[in-house]
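Input: a single structure, listed below in structure tokens.
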Amino acid sequence: MIVRGGLSGASPELAGLADTVLQPGFVGVEVPDWLRRRLAEGLGGVALYSRNLVDSAQVRALTAALRAENPDVVIATDEEGGDVTRLEALTGSSRPGNLALGAVDDPELTERVARGIGADMAEAGITLNYAPVVDVNSDLDNPVVGTRAFGSDPWLVARHTAAWVTGLQSAGVAACAKHFPGHGATAVDSHNDLPTVSYSVEELAATTLPPYRAAIEAGVQAVMTGHLLVPAYDPDSPATMSGRLLVGLLREELGFDGLIVTDAVEMPSVAERYGVTGAAVRALAAGADAICIGGERKGAGVVGFMRNAIMAAVIDGTLPEERLAEAAARVRRLAAWSAEQRRVTWATGGAGPDSTDSADPAGLAAARRALRVRGEGLPLTSAPQVIEFVSETNIAIDRATPWGVAAPLAALLPGTEGVRLGADDPLPTPADGRPLVIVVRDAHRHAWVSAGLDALLARRPDAVVVEMGLPGPLTPGGTHITTHGATTVSGQAVAELLSGGTPTAAPLAGLTTPAV
């Protein structure tokens, strides 16, 4: 029976192993008492989300408080840069995301950008980054990857994966390639339901696996599993709970010996099938080493239930104790790696020159170089009207993170007027006698955005269209700017271009007419 947060007959050693493999989130910007107690008892990890992070001073104090309770705790977050940012969730990222870096296709620049992210994380006291996304974006309708991927070419993704991992880890922060074995060829969001990857073994080897091989060759410290059904390897269990994928493919075939961490086990794609604790136990038994308990389950009770379920599974034989001990050992090995990085890399300031608290020169350079332009008539000759369509994004992107063009453009062209539209808002009438800039995000994925865009262009074919999401089919005519991401720095790069302050912008792929 369960007694006082434990199981009768369970040894302290077993409880310690179960605690070590958990990486829960929590609510608040200070360490709650329950988490202090758990850390003191040996909780092995903590996952931070934007709700926990305010500014650099607060984050440093928070991670110091976590480490005061357990010096070996793994402190993780998913700072991908680009649209998915936690450290800059309140301001928007000062670096473009993976799709923009892939569009530039300069691995040295990608490494510099990742090194800057790592430097910021190291200064904040964070030791594990649930990044980079190394999915190959094979499906234009993919609702979860989009601008988070470097691109649709496996070999482009592979070379930028290696550069990103190298840059981040040179700053002393462990990288975590995700979502194994590849979330790009799906049209279902695994936050909501279980996607199926229908590729054959040969197709997987040619498309989704090259980035993982590159990450492993670059020395990546961790890999995150995807909640994905991959029938070519296992028709019954999602990758997170499949020994054929985690051991047979990732460990034995690809040769990865680092930490395997799950995507959040409370996601409906697995929790509705197995329960949160059932998903955790199945994942550990299949070969995972650390259990991420994400933003939706974040209290003391859930962590206690998770630990008890893991111990119960060992006692009843569902989970071999040797497997749990192996998983805990890998968590501790990552913690030891991080401690060594803090001692050497962080102490000597070896994170690299391209990051500061407020700006990253490499990030701005990458955002400028990622712009693609078709058409003429730039820069604008007067302050425009800016209409921004606010379409739904996936759950990984914080809703409150700033994005867009109107605000940075108003700083460069005083008199710029902006309006934001939701799905139920009526289309405004374009103003006469002034330029019109229309800003969209994944327009091809949202029928109401496409319809609104078409209607506005019918009235104003001279409008400038700015696509800040995953590029889809171009609307005919007009001037088009593609940013490959909706970050703050990407909006700044567009504002410079529109106002005449940017050096140059490359033409859209397959087109030859630059705007400047």
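Here the structure is a predicted model, which is why all the values come from computation and not from measurement.
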N/O donor to acceptor pairs below 3.5 angstrom from side-chain atoms of residues 278-285, sequence neighbours left out:
none

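Evaluation of the side chain to side chain contact (heavy atoms under 4.5 Å, CB included) rule for Ala175 yields Pro132, Val165, Leu168, Gln169, Val220 as partners, not counting sequence neighbours. Residues satisfying the side chain to side chain donor-acceptor pair (under 3.5 Å) criterion with Glu326, sequence neighbours excluded, are Arg323. Residues passing the side chain to side chain donor-acceptor pair (under 3.5 Å) test with Thr416: none are found, sequence neighbours excluded. A search for side chain to side chain donor-acceptor pair (under 3.5 Å) contacts involving Asn98 returns nothing, not counting sequence neighbours. With sequence neighbours left out, the salt bridge (Lys or Arg N to Asp or Glu O under 4.0 Å) criterion links Asp424 to no other residue. By the salt bridge (Lys or Arg N to Asp or Glu O under 4.0 Å) test, Glu467 pairs with no residue at all, sequence neighbours left out. Not counting sequence neighbours, the partners of Ala495 by the side chain to side chain contact (heavy atoms under 4.5 Å, CB included) test are Pro408, Leu409, Leu412. Taking the side chain to side chain contact (heavy atoms under 4.5 Å, CB included) definition, one finds that Glu388 meets it with Val386, Val405, Ala406, Arg420, Val439, sequence neighbours left out. For Ala366, the side chain to side chain contact (heavy atoms under 4.5 Å, CB included) partners at least two apart in sequence or on another chain are Pro96, Leu101, Leu109, Val113. Partners of Thr240 by side chain to side chain donor-acceptor pair (under 3.5 Å), not counting sequence neighbours, listed by chain and number: Thr225, His227. A search for ring pair (Phe, Tyr, Trp, His ring centres under 6.0 Å) contacts involving Tyr212 returns Phe180, not counting sequence neighbours.
Test Val134, Asp78, Asp263 against Lys178 for side chain to side chain contact (heavy atoms under 4.5 Å, CB included) and you get one pass: Asp78.
Although no hydrogens or angles enter the test, the distance criterion places no donor-acceptor pair under 3.5 Å between the side chain of Thr262 and the main chain of Val265.
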